[in-house]
Enquirer: 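Dropping the structure in here first, questions after.
Every chain is numbered from 1 and lettered A, B, ... according to where its sequence line falls, protein lines coming before strand lines. Note that this is a predicted model, so its numbers are computed, not measured.
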2 protein chains.
Amino acid sequence: MGAEASDLEWKKGSAELLILSLLEARPRHGYEISKLIELRSRGAVRYHVASLYPLLYRLEKRGWVEGRWVEKSGQRRRRYYRLTSLGRKVLASQRRGWQRFVEAVDRITGRIVEVEHA
Amino acid sequence: MGAEASDLEWKKGSAELLILSLLEARPRHGYEISKLIELRSRGAVRYHVASLYPLLYRLEKRGWVEGRWVEKSGQRRRRYYRLTSLGRKVLASQRRGWQRFVEAVDRITGRIVEVEHA
DNA sequence: CTCCCATATATGGCACGTCCATATATATGC
DNA sequence: GCATATATATGGACGTGCCATATATGGGAG
């Protein structure tokens, strides 16, 4: 009942948002996503493969991304994931949610100061 | 090894940071913390009691907060938690960590744009 | 030529945190 | 007298990240 889905799935990892964001520009394979997260976050965020791959399967199962195998001589086969149109909508929604969450945390932790009852 | 504590425990909930922050100003009891989180986040963040109380026990066990029972006629007994000096240090550290994490997520999700290889 | 490392994907099992449901206890409003 | 808000407590279900490990291939060091 009430809204759809929990508004604060953030409590358990923002991994979904990160992956969907990285797939926005173009399709990427798992290992690339992993390294890109590490690189762009300057080492602050790092997902282990045992977390990342199952997550990609979940995203695909939900229809947010779509994977296809690409084989090239001279390298191991890779599975490239591209964002589906549904995935794009989910990403937009998750971006808004993340924004709201960060603001909420800031208000609670006092970075945004408010008067506390009279 | 390496640093102390995991740098990114954020992946599983920022509840610790929120609670420690709220106890910074003054001691509070569980129910008050719960309501305050809900109020200040404008409903965006809401912890269920079954999450909150066990978390408070954990924080106390780690020596970050200290609880004491307060009984007043006309109301049910309450357990007030105050931030210990160790808790204050942890809070400062977690605040920095949260800050770094938000920046990292922003860089990954593209809110902070960067050039991507030549 | 062999060993090791980086690349690249895959998975079983453990640990831990959050939620649901439920329980207890007291003061207030209807 | 009963429902509701306050206030704390807990067993069990469930999801998800991590550790360890496995497979496969190319390139560099020795």
Enquirer: Taking atom P of D/dT6 as reference, at what distance in whole Å does atom CG of B/Leu36 sit?
Expert: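 Answer to the nearest Å: 13 Å.
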Enquirer: Answer yes when B/Arg79 and B/Glu60 have at least one side-chain N-carboxylate O distance shorter than 4.0 Å, and no when they do not.
Expert: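 Yes, this pair counts.
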Enquirer: Look at the side chain of A/His48 and decide which nucleotide, out of D/dC19, C/dA6, C/dG17, has an atom nearest to it.
Expert: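 Closest nucleotide among those given: D/dC19.
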Enquirer: Taking only N and O in the side chain of A/Arg58, is any of them less than 4.0 Å away from OP1 or OP2 of D/dG17?
Expert: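 Answer is yes, contact under 4.0 Å.
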Enquirer: Tell me: CD of B/Glu32 to C1' of D/dT6, nearest whole Å?
Expert: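 Taking atom C1' of D/dT6 as the reference, CD of B/Glu32 is at 12 Å.
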Enquirer: Apart from B/Trp69 itself, what residues make up its hydrophobic cluster when side-chain heavy atoms of I, L, V, M, F, W and Y under 4.5 Å apart count as a link, directly or indirectly?
Expert: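 None, because no other hydrophobic side chain comes under 4.5 Å of this residue.
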Enquirer: Rounded to the nearest Å, what distance is computed from the CG atom of residue B/Leu56 to the P atom of nucleotide C/dG17?
Expert: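 Going from B/Leu56 (CG) to C/dG17 (P), I get 14 Å.
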Enquirer: At a cut-off of 3.5 Å, list every protein nitrogen or oxygen paired with a nitrogen or oxygen from nucleotides 25-28 of chain C, distance to 0.1 Å.
Expert:
unit_1: C/dA25; atom_1: N3; unit_2: B/Arg76; atom_2: NE; d: 3.2

Enquirer: Heavy atoms, side chains only, cut-off 4.5 Å: are A/Glu16 and A/Leu55 in contact?
Expert: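 SC-SC contact between A/Glu16 and A/Leu55 confirmed.
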Enquirer: Please check this pair: side chain of A/Ser21 against backbone of A/Leu17, looking for a donor-acceptor N/O pair closer than 3.5 Å.
Expert: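 Yes; at least one donor-acceptor contact below 3.5 Å.
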Enquirer: Quick one: does A/Leu36's side chain get under 4.5 Å of A/Tyr31's, heavy atoms only?
Expert: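 The answer is no, as the side chains (C-beta and beyond) never meet within the 4.5 Å cut-off.
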Enquirer: Take atom CD1 of B/Ile37 and atom P of C/dC19, then tell me their distance rounded to the nearest Å.
Expert: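 To the nearest whole Å, that distance equals 11 Å.
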Enquirer: So does A/Tyr57 get a side-chain nitrogen or oxygen closer than 4.0 Å to the phosphate oxygens (OP1/OP2) of C/dA10?
Expert: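 Yes, A/Tyr57 has a side-chain N/O under 4.0 Å of OP1/OP2 on C/dA10.
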Enquirer: Can you measure A/Leu52 atom CG to D/dG17 atom P for me and round it to whole angstrom units?
Expert: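 Rounding to the nearest Å, CG of A/Leu52 and P of D/dG17 are 10 Å apart.
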Enquirer: Can you name the side-chain hydrogen bond (donor to acceptor under 3.5 Å, both in side chains) partners of A/Glu24, sequence neighbours left out?
Expert: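 By the side-chain hydrogen bond (donor to acceptor under 3.5 Å, both in side chains) rule, A/Glu24 matches A/Arg95.
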Enquirer: What's the OH-P distance between A/Tyr80 and C/dT7, to the nearest Å?
Expert: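 Taking OH of A/Tyr80 and P of C/dT7, I get 14 Å after rounding.
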Enquirer: Does B/Tyr53 place a side-chain N or O at less than 4.0 Å from the phosphate oxygens OP1/OP2 of D/dA9?
Expert: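 Checking D/dA9 against B/Tyr53, no side-chain N or O comes under 4.0 Å of OP1 or OP2.
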Enquirer: Check whether any side-chain nitrogen or oxygen of A/Ser51 sits under 4.0 Å from OP1 or OP2 of D/dT16, and answer yes or no.
Expert: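 Negative; the distance criterion is not met.
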Enquirer: Whole angstroms only, please: what is the CG-P distance between B/Leu55 and C/dT18?
Expert: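 The answer, rounded to whole Å, is 7 Å.
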Enquirer: Any salt bridge between A/Glu71 and A/Arg77, counting N to O under 4.0 Å?
Expert: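 The answer is no: the pair does not qualify as a salt bridge.
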Enquirer: Of the nucleotides C/dT18, D/dT6, D/dT10, which has the atom closest to the B/Ala15 side chain?
Expert: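 Among C/dT18, D/dT6, D/dT10, the one nearest the side chain of B/Ala15 is C/dT18.
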Enquirer: Rounded to whole angstroms, how far apart are OH on A/Tyr31 and C1' on C/dA10?
Expert: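 Nearest whole value for this atom pair: 15 Å.
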